[in-house]
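One structure is given here, and the rest of the page talks about it.
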Amino acid sequence: MLLEELNQAISDMNEIQVLSQNKQNYDTRKILDDNFNKYVIYTTTYIHCLEYASNYLGNKISNEDIDDVLKLLDKYQVFINEDKKYKDYLDSCKKDYDVLQRKQRLSWDKYFPLLTNDTENTLHVIKELNYSNIDSCLNKISNAHTWTNKLSELKELKDALDDADEIIKSLNLDKNIETFLRKMNSHQANINDLNEEVLNWIRENNVGSKIKLSFK
């Protein structure tokens, strides 16, 4: 009787160990799956951001960008199809995704000034004239200065550039007036800068009371 109970206890313990191991395997796979799904979402967002930046902000997608994304998607597919629930393989996928992001940040750092500098400089100049929405435009542009893989920031950047363009167009600025306003903004303007063209613009836009010249 005692021997039977001992054998049953051993059998029960073996069963518990198997169930425990299965539970551990399930938990491990679930963690891997959750992490994998997270990076799939990150990559999907990245693709949408690339597409938006290309279509609406003029930052064209290179063949290298496309190849890098396709290679990563192929690795994801292998992870699914071959049931590669291994941490080292997932780590490899994460590393490739991080490389994509670093390359895109460097690319964006070069493109962003080309896209925004002229607009930002003009906004800073006319900001002193208290035109509405200037701060909002500048803040939205500034928020997108670094690539963060957030589609919302790219959309806000597009809206800010469109709004800024409308504001600048409404001022009917030409080069002489822009030069005068830049000098005003840097406190370098003097009476000699007030030529007839500049004076007419000041009168037409009723901004004479907002412009002050002073002695050095």
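Quick caveat, the model's predicted, so the values are computed rather than measured.
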(request) Please round to the nearest 0.5 Å and tell me the distance separating atom CG of Leu138 and atom OG of Ser136. (result) 9.0 Å
(message) How close do Ala164 and Cys137 get, counting heavy atoms only, and between which atoms?
(response) N-SG, 3.9 Å
(message) Which heavy atom of Ile141 sits nearest to which heavy atom of Thr119, and what is that distance?
(response) CD1-CG2, 4.4 Å
(request) Return the orientation label for the Tyr56 and Tyr52 ring planes: parallel under 30°, perpendicular over 60°, tilted otherwise. (result) tilted
(request) Report yes or no: do Val78 and Val99 belong to one cluster of Ile/Leu/Val/Met/Phe/Trp/Tyr joined by side chain heavy-atom distances under 4.5 Å? (result) no
(message) Testing the basics here: between Trp108 and Ala53, what is the closest heavy-atom pair and its distance to 0.1 Å?
(response) CZ3-CB, 4.4 Å
(message) Could you measure the distance from the CD1 atom of Ile61 to the CG atom of Asn55? Nearest 0.5 Å is fine.
(response) 7.0 Å
(request) State whether the side chain of Asp165 and the backbone N or O of Leu161 hold a donor-acceptor pair below 3.5 Å, judged by distance alone. (result) no
(message) Could you report the tightest heavy-atom contact between Leu72 and Thr43, atom names first, then the distance?
(response) CD2-OG1, 3.8 Å
(message) Can you tell me how far apart CG (Asp163) and CG (Leu123) are? Round to the nearest 0.5 Å.
(response) 10.0 Å
(request) Any chance you could measure Tyr97, atom OH, to Lys75, atom NZ, to the nearest 0.5 Å? (result) 15.0 Å
(request) Kindly work out whether a path of hydrophobic side-chain contacts (I/L/V/M/F/W/Y, heavy atoms less than 4.5 Å apart) joins Ile66 to Val40. (result) yes
(request) Indicate the atoms forming the closest heavy-atom contact of Asn149 with Tyr42, along with that distance. (result) ND2-O, 3.3 Å
(message) Would you compute the distance between atom CG of Leu154 and atom SG of Cys49 and round it to the nearest 0.5 angstrom?
(response) 5.0 Å
(message) Working to the nearest 0.5 angstrom, can you tell me the gap between Ser107 OG and Gln104 CD?
(response) 5.0 Å
(message) Check whether Ser54 reaches the backbone of Glu51 with its side chain - one donor and one acceptor, N or O, closer than 3.5 Å.
(response) no
(request) Run the salt-bridge test on Asp109 and Arg105 with the 4.0 Å N-O cut-off and return the result as yes or no. (result) no
(request) Determine whether Leu70 and Tyr76 fall in the same hydrophobic cluster, where Ile, Leu, Val, Met, Phe, Trp and Tyr are linked whenever their side-chain heavy atoms lie under 4.5 Å apart. (result) yes
(request) Hey, could you give me each pair passing salt bridge (Lys or Arg N to Asp or Glu O under 4.0 Å) that has a residue in residues 55-69? Not counting sequence neighbours. (result) Glu64-Lys103, Asp68-Lys103
(message) Between Leu100 and Leu73, is there shared hydrophobic-cluster membership here, with clusters defined by ILVMFWY side-chain heavy atoms closer than 4.5 Å?
(response) yes
(message) Looking at Asp34, I'd like to know if its CG atom is crowded, meaning that more than 12 non-hydrogen atoms belonging to other residues, nucleotides or ligands lie closer than 6.0 Å.
(response) yes
(request) Show the numbers, then the answer: is there a side-chain contact (heavy atoms from CB on, under 4.5 Å) between Arg102 and Leu106? (result) CA-CA 6 Å; Arg102 284 197 297 272; Leu106 291 174; 5.6 Å; no
(request) Hey, could you give me each pair passing salt bridge (Lys or Arg N to Asp or Glu O under 4.0 Å) that has a residue in residues 149-161? Not counting sequence neighbours. (result) Lys158-Asp162
